[in-house]
Amino acid sequence: MDTLDNLIAGFGTALTPTHLLLAAVGVLLGTAIGVLPGIGPAMAVALLLPVTYGIEPTGAFIMFAGIYFGGMFGGSTTSILLNTPGETAAVVTAIDGHPMARKGRGAQALAAAAIGHFIGGIVGTVLLVLLAPTVAKLAVDIGAPDYFAVMVLAFIAVTSVLGTSRVRGFASLGIGLAIGLVGLDPITGQARLTFGSLHLADGIDVVVVAVGLFAVGEALWVAAHLRRTTGTAIPVGRPWLDRDDVRRSWKPWLRGPLIGFPFGAVPAGGAEIPTFLSYVTERKLSKHPEEFGHGAIEGVAGPEATASASAAGTLTSMLTLGLPTTATAAVMLAAFQQYGIQPGPLLFAREPELVWALIASLFIGTVLLLVLNLPLAPMWAKLLRIPRAYLYSGILFFASVGAYAVSADVLDLVLLFAIGLVGFMMRRFGLPVLPAIIGVILGPNAEQQLRRALQLSDGDLSGLVNTTFSVTVYAVIALILLWPLVRKLLPVRKKAVQRIT
């Protein structure tokens, strides 16, 4: 009953006229930014993070909930209309969504995506309501060694499942950890990587890092590969589904959240793997498997519902453990830190009004997403006609304004573009950006937990593995690291057995 009472109180806060307006503005802004080519929800949240400066925390996070879901739908829109996924989670959607658009069924693909996001968001948020308080209560008993082990798991898992090379993933993580070290040592007060600058004594603001790596890095990358011709948007018409489309889509809509939420909630969370699994599942269960890859609506409905529920699962680990496992969650964690709030086990006890208003606003955001974006889909398609030269120059302008607003210091602009060049070089050499962001945010926290664990054990390294929980987590880490080697040996064994027989 406490959970239900808290949720009702959260709706009481979120349903005020001001907060409803902020949620609607968040959905519109998130969709408008997310629908632009090459921009996913993470970059949308990073770009719009400075917009919330001056807004009280509860209103700011309600607005972020709208931006979050709006940005996700925007990424799916570009995936369907232009075959340009706004994020990796929307890659699977393009397999059947873009062929549908080329056949003149872009309207139906967008509608299936919007309804899938709605159902996935609702189911995922319900699971968040049911599970988050329990996870938070269990996490209160976790000590410094356990927290450090979980953070190492987050580092390893996120780094290992991204990109084409694990070495590049770890290199990206190293870059993020190095940026996170800038500033004064929290225990000794010794300056680290400040190069004598007093401005860097407090470290580099996470907002500057996120906007630099995502927005500036992407803008520079597009500028380096810019062509004079621009993509032509495909007219979408009226986005409504007929009876046959609904009949083929409702089961994928319901199956998607069951696949997406568990993957989003674990430290190796994200929507890339579950969306692929959803696509494979729907293809196996479909009565029309020959249509997959050529415009099957199930190939849009299932992965989109999966991605939305995975986002809710990601918020579960972020709110209860303070672990961001996706780029968007990492930027949202930066937003919490901007207000001096640290997500974790005690967040539900210390900031109950804010947390439950945020959770209630997730329900509201999903409804507004459906209500606003179904009729506005043709307008979003017209935004895709903006020449990319103008588009990304505008992004650089807003990124600069946002970075300057952090502390009104010109040096922040220098840092923004320096980090943007780092982001550009990372894209040039195929380094994923997410591990770097995770390193910047979790690096200082991991260092703090490591030092606490070693202080408790008087410097003995056995203090890092003196609990059952930490040993279990390290076993999982070993499995993640060793599994590729084991998998390579399995076919060899199988062939050897076949030769013997």
Side-chain angles (χ1 to χ4, degrees), residues 6-7 9-34 39 41-74 121 125 205-211 214-215 311 315 318-319 322 324 327-344 347-348 350-369 371-372 394-395 397-409 412 416 441:
N6 289 328
L7 183 60
F11 273 108
T13 303
L15 288 174
T16 60
T18 301
H19 289 160
L20 275 176
L21 178 62
L22 289 173
V25 170
V27 169
L28 291 173
L29 286 177
T31 307
I33 299 296
I39 298 181
M43 194 184 299
V45 174
L47 281 171
L48 296 172
L49 183 59
V51 176
T52 61
Y53 287 176
I55 303 177
E56 48 88 22
T58 302
F61 287 111
I62 288 174
M63 186 175 181
F64 266 118
I67 292 172
Y68 191 23
F69 284 110
M72 288 186 64
F73 179 73
T125 308
D205 194 280
V206 178
V207 176
V208 175
V209 177
V211 175
F214 281 111
L315 289 179
M318 198 267 285
L319 292 174
T328 312
V331 179
M332 290 190 72
L333 181 58
F336 273 94
Q337 294 174 346
Q338 165 188 311
Y339 288 97
I341 300 170
Q342 181 59 48
L347 181 64
F348 282 79
R350 292 176 177 173
E351 302 285 348
E353 182 179 349
L354 185 150
V355 173
W356 288 104
L358 172 62
I359 293 174
S361 68
L362 296 178
F363 288 102
I364 297 170
T366 54
V367 174
L368 290 175
L369 176 73
V371 171
L372 295 177
I395 289 174
F397 171 76
F398 286 111
S400 302
V401 171
Y404 184 76
V406 171
S407 57
D409 195 319
D412 279 335
L416 175 73
I441 294 180

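Predicted model, so just to flag it, every value in this text is computed and none were measured.
- Put simply, the side chain of M63 reaches to within 4.5 Å of the side chain of L29, judged on heavy atoms.
- Smallest separation of non-hydrogen atoms from P57 and I341: CB-CD1, 4.5 Å.
- In this structure, I67 CD1 and L28 CG are separated by 10.5 Å, a value rounded to the nearest 0.5 Å.
- With sequence neighbours excluded, the residues that form a side chain to side chain donor-acceptor pair (under 3.5 Å) with T16 are H19.
- To the nearest 0.5 Å, atom CH2 of residue W356 and atom CD of residue E351 are 14.5 Å apart.
- For the pair P352 and N6, the minimum side-chain heavy-atom distance is 4.5 Å or more.
- Residues satisfying the side chain to side chain donor-acceptor pair (under 3.5 Å) test with E353, not counting sequence neighbours, are none.
- Every residue two or more places apart in sequence or in another chain that forms a side chain to side chain contact (heavy atoms under 4.5 Å, CB included) with V371 is listed here: V367.
- Distance check: L354 CG to L319 CG gives 9.5 Å after rounding to the nearest 0.5 Å.
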Please table the atom pairs, donor to acceptor, closer than 3.5 Å between any side-chain atom in residues 358-366 and protein atoms at least two apart or in another chain.
residue: S361; atom: OG; partner: A357; partner atom: O; Å: 3.3
residue: S361; atom: OG; partner: L358; partner atom: O; Å: 2.5
residue: T366; atom: OG1; partner: L362; partner atom: O; Å: 3.3
residue: T366; atom: OG1; partner: F363; partner atom: O; Å: 2.6

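- In terms of the ring pair (Phe, Tyr, Trp, His ring centres under 6.0 Å) criterion, F64 has no residue partners (sequence neighbours excluded).
- Y339 and I55 make their closest contact through OH-O, 3.0 Å (heavy atoms, listed as atom of the first residue, atom of the second, distance).
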